[in-house]
Amino acid sequence: MKLSQYFMPTLRENPADAQVPSHRLMLRAGMLRPVASGVYTWLPFGLKVREIVAKVVREEMDASGANEIFMPMVQPASLWQETGRWDKMDAELCRIKDRHDNNFCLGPTHEEVVTDVVRKSLSSYKQLPVMLYQIQSKFRDEVRPRFGVMRGREFMMKDCYSFDVDEEAAMNSYNTMKDAYHRIFKRLGLDYRVVKADSGAIGGDLSEEFQVIAETGEDELVFDKEGDYAVNVEKHDAETCGVPAERLETKRGIEVGNIFYLGDTYSKPMKAVVKHSDGTERPAIMGCYGIGICRTVAAAIEQNHDENGIIWPEEMAPYQIGLMNLRVSDDTCTEIADKLYDSFRALGFDVLYDDRDEPAGAKFTSMDLVGLPWQCTIGPRGVKEGKAEWKNRKTDERFELPIGELPDALQAKAKAAA
RNA sequence: CGGGGAUUGGCGCAGCCUGGUAGCGCGUCUGGUUUGGGACCAGAAGGUCAGAGGUUCGAAUCCUCUAUUCCCGACCA
């Protein structure tokens, strides 16, 4: 992508309203613009990152045997009355009326809708298991939206629901999802922990959270440095955890994913039942599994940034290479940079090409801000010697290579792709 | 929902206490000089000071209400 043709309005100064790093940097890097409290427009650069997260999530969901569907954001009150949540939930559930004065809500989650879909096509235990997921907008009228997209009111979420014949099968689905979640967050290159959690308003009795470690996290976690023990600090009990105090560590985390074993909390009241081999009719046993797509993007920035800007983990980087032509008015520089742009792309890389007629300093500063893993600089100084200058954003390692040659790390990638 | 801030050109801010022609930096536009970490010179455009009401000869400034927004807490995925 040529920067001269890209709508990526970067900000030189910090917006006054943005306090946490991810919010600040997403605004400054031209990823995001506020529309209302907790409601945002995603600009091309931000959207591209979000799509990468969604793609990884989608691939791992599909690989786990889940099927993608797409449910409506607008949902009839009648379904929510079946489970009692229409009355139980407070103002967080945004209720609306249509022209006929019928009650609807904006979906804060989709248990009711998905259970309704499944029950209508379900009759025999032989049809199970069923696992359905979607990637879609949710609306929760938060008491206090904050930290940009970390706690927005409208946000993109992957939500998956499993229906099984009995508890044992449901636990299988649960564990399948848990494995998928591990693969997702590993692929995204994030430092995270899995912690036991309360299942809250969703119901059910087993639940774990995937928490990305970051100083600005809303949750405080206690975990064993050497073992698996990890809980939210509210649930931590030093007496019963069985881990010596010196091995325990406390860090803050951002909840990016959660998995719930639901049992028949929804299937029973909504009569999502199947006939078993013994002739009895019993509710399907459910689980639900969420990943906050927007929040994952923000969490990645919280975890990976410095005073100059974002530092994207390899896998999440919207472009692997940021190419800079320092002297657009110099025909040789421009010719070389144009050629490199084409050849990098031909090798399978996504390239952000700063071809604007701007001072060199502006280019360096904004390239650091947007945080692409590799920067390749073409300027009169290097061109004289046939060299391009490379910089690794994360390590700040800088070196020169003959024009057209790739750093080892990228060369390996190009080969792997070919 | 309780508490505390904020609201003045696109962005960041000053002016308010002590009422008297709305300012600065950045950005934008024009022209020129430049060109390796947001360069320099000259010129220009752009604001009914969040809204409504009140006090006053006169309100960005004082008073009241409203809206929006941010932060802390409670709550929450």
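Protein chains get the first letters and strands the later ones, always in sequence-line order, with residue 1 at the start of each.
- Using a 4.0 Å heavy-atom distance criterion, F147(A) is classed as a sugar-phosphate-only contact.
- Relative to the six-membered ring of W86(A), R95(A) meets both conditions, a distance below 6.0 Å and an angle of at most 45° to the axis.
- For the pair E218(A) CD and C72(B) C1', the computed distance is 13 Å after rounding to whole Å.
- Across all strands shown, G257(A) has no heavy atoms under 4.0 Å from either base or sugar-phosphate atoms.
- Rounded to whole angstrom, the span from the CZ atom of R85(A) across to the C1' atom of A77(B) amounts to 12 Å.
- Residue whose closest nucleotide on RNA chain B sits further toward the 5' end, between T365(A) and G148(A): T365(A).
- Under the Watson-Crick and G-U wobble criteria, each requiring two contacts below 3.5 Å, nucleotide G10(B) is paired to C26(B).
- In this model, no side-chain donor or acceptor of E358(A) finds a partner on the base of A39(B) within 3.5 Å.
- Scanning for side chain to side chain donor-acceptor pair (under 3.5 Å) contacts around K55(A) gives E59(A), with sequence neighbours left out.
- Looking at residues two or more places apart in sequence or on another chain, you find no side chain to side chain donor-acceptor pair (under 3.5 Å) involving S78(A).
- Residues passing the salt bridge (charged side-chain N to carboxylate O under 4.0 Å, His left out) test with D62(A): none are found, sequence neighbours excluded.
- With a 3.5 Å ceiling on both atom-pair distances, A74(B) lacks any Watson-Crick or G-U wobble partner.
- Partners of H305(A) according to the ring pair (Phe, Tyr, Trp, His ring centres under 6.0 Å) rule, which considers only residues two or more places apart in sequence or in another chain, do not exist here.
- The side chain of Q19(A) sits closest to C70(B) out of C70(B), A39(B), A77(B).
- Here the closest non-hydrogen pair linking L326(A) and A360(A) is CD2-CB, 4.0 Å.
- Listed by chain and residue number, D396(A) satisfy the salt bridge (charged side-chain N to carboxylate O under 4.0 Å, His left out) test with R398(A) (two or more places apart in sequence, or in another chain).
- Note on A36(A): only backbone sugar-phosphate atoms sit closer than 4.0 angstrom, heavy atoms only; bases stay farther off.
- Checking the phosphate oxygens (OP1, OP2) of U68(B), no side-chain nitrogen or oxygen of S37(A) falls inside 4.0 Å.
- Contacts of E92(A) with the nucleic acid, taken as non-hydrogen atoms under 4.0 Å apart, involve only primed sugar atoms and P, OP1 or OP2.
- Heavy-atom distances under 4.0 Å link RNA chain B to L326(A), R327(A), S329(A) of residues 321-336 of chain A, given in residue order.
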So which protein N/O to nucleotides 9-12 of chain B N/O distances come out below 3.5 Å?
{"from": "C11(B)", "atom 1": "O2", "to": "E13(A)", "atom 2": "OE1", "distance (Å)": "3.4"}
{"from": "G12(B)", "atom 1": "OP1", "to": "A16(A)", "atom 2": "N", "distance (Å)": "3.0"}

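- In the set G36(B), C1(B), G73(B), G73(B) carries the atom at the smallest distance from any side-chain atom of R146(A).
- For R144(A) and A74(B), a side-chain-to-base donor-acceptor distance below 3.5 Å is absent, hydrogens and geometry of angles not being considered.
- Put simply, the side chain of R398(A) and the base of G37(B) share a donor and an acceptor less than 3.5 Å apart.
- For the salt bridge (charged side-chain N to carboxylate O under 4.0 Å, His left out) test, no residue two or more places apart in sequence or in another chain qualifies with E400(A).
- For R24(A), there are no salt bridge (charged side-chain N to carboxylate O under 4.0 Å, His left out) partners two or more places apart in sequence or in a different chain.
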Sub-3.5 Å pairs of nitrogen or oxygen atoms, protein against nucleotides 29-33 of chain B:
none

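- Of all nucleotides present, only C63(B) satisfies the Watson-Crick or G-U wobble test against G53(B), with each distance under 3.5 Å.
- Here F155(A) counts as stacked on A77(B): its ring centre is under 5.5 angstrom from the base ring centre and the planes meet at under 30°.
- Of the listed nucleotides (G36(B), C75(B), C76(B)), G36(B) has the atom at the smallest distance from the side chain of A360(A).
- Applying the side chain to side chain donor-acceptor pair (under 3.5 Å) rule to W374(A) yields no partners; only residues at least two apart in sequence or on another chain are considered.
- The partner of A39(B) is U33(B), by the rule that a Watson-Crick or G-U pair needs both atom distances under 3.5 Å.
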Requested in this report: Just do the side chain to side chain donor-acceptor pair (under 3.5 Å) check on Q375(A) and D368(A) with the steps written out, would you?
Outcome: CA-CA 9 Å; Q375(A) 298 176 7; D368(A) 280 347; 2.7 Å; yes
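- For F185(A) and F210(A), the distance between ring centers is under 6.0 angstrom.
- Looking at heavy-atom distances under 4.0 Å, G379(A) makes contact with a base.
- Remark on RNA chain B: of its neighbouring residues N258(A) and H23(A), the 5'-side contact belongs to H23(A), judged by nearest-heavy-atom nucleotide.
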Listing, residues 336-352 of chain A side-chain donor-acceptor contacts under 3.5 Å, not counting sequence neighbours, or none:
{"from": "D338(A)", "atom 1": "OD1", "to": "Y353(A)", "atom 2": "OH", "distance (Å)": "2.7"}
{"from": "Y341(A)", "atom 1": "OH", "to": "M1(A)", "atom 2": "N", "distance (Å)": "2.8"}
{"from": "D342(A)", "atom 1": "OD1", "to": "R345(A)", "atom 2": "NH2", "distance (Å)": "3.0"}
{"from": "S343(A)", "atom 1": "OG", "to": "L340(A)", "atom 2": "O", "distance (Å)": "3.2"}
{"from": "D350(A)", "atom 1": "OD2", "to": "K48(A)", "atom 2": "NZ", "distance (Å)": "3.0"}

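- The listed nucleotides are A39(B), G37(B), A77(B); the one nearest the side chain of K391(A) is G37(B).
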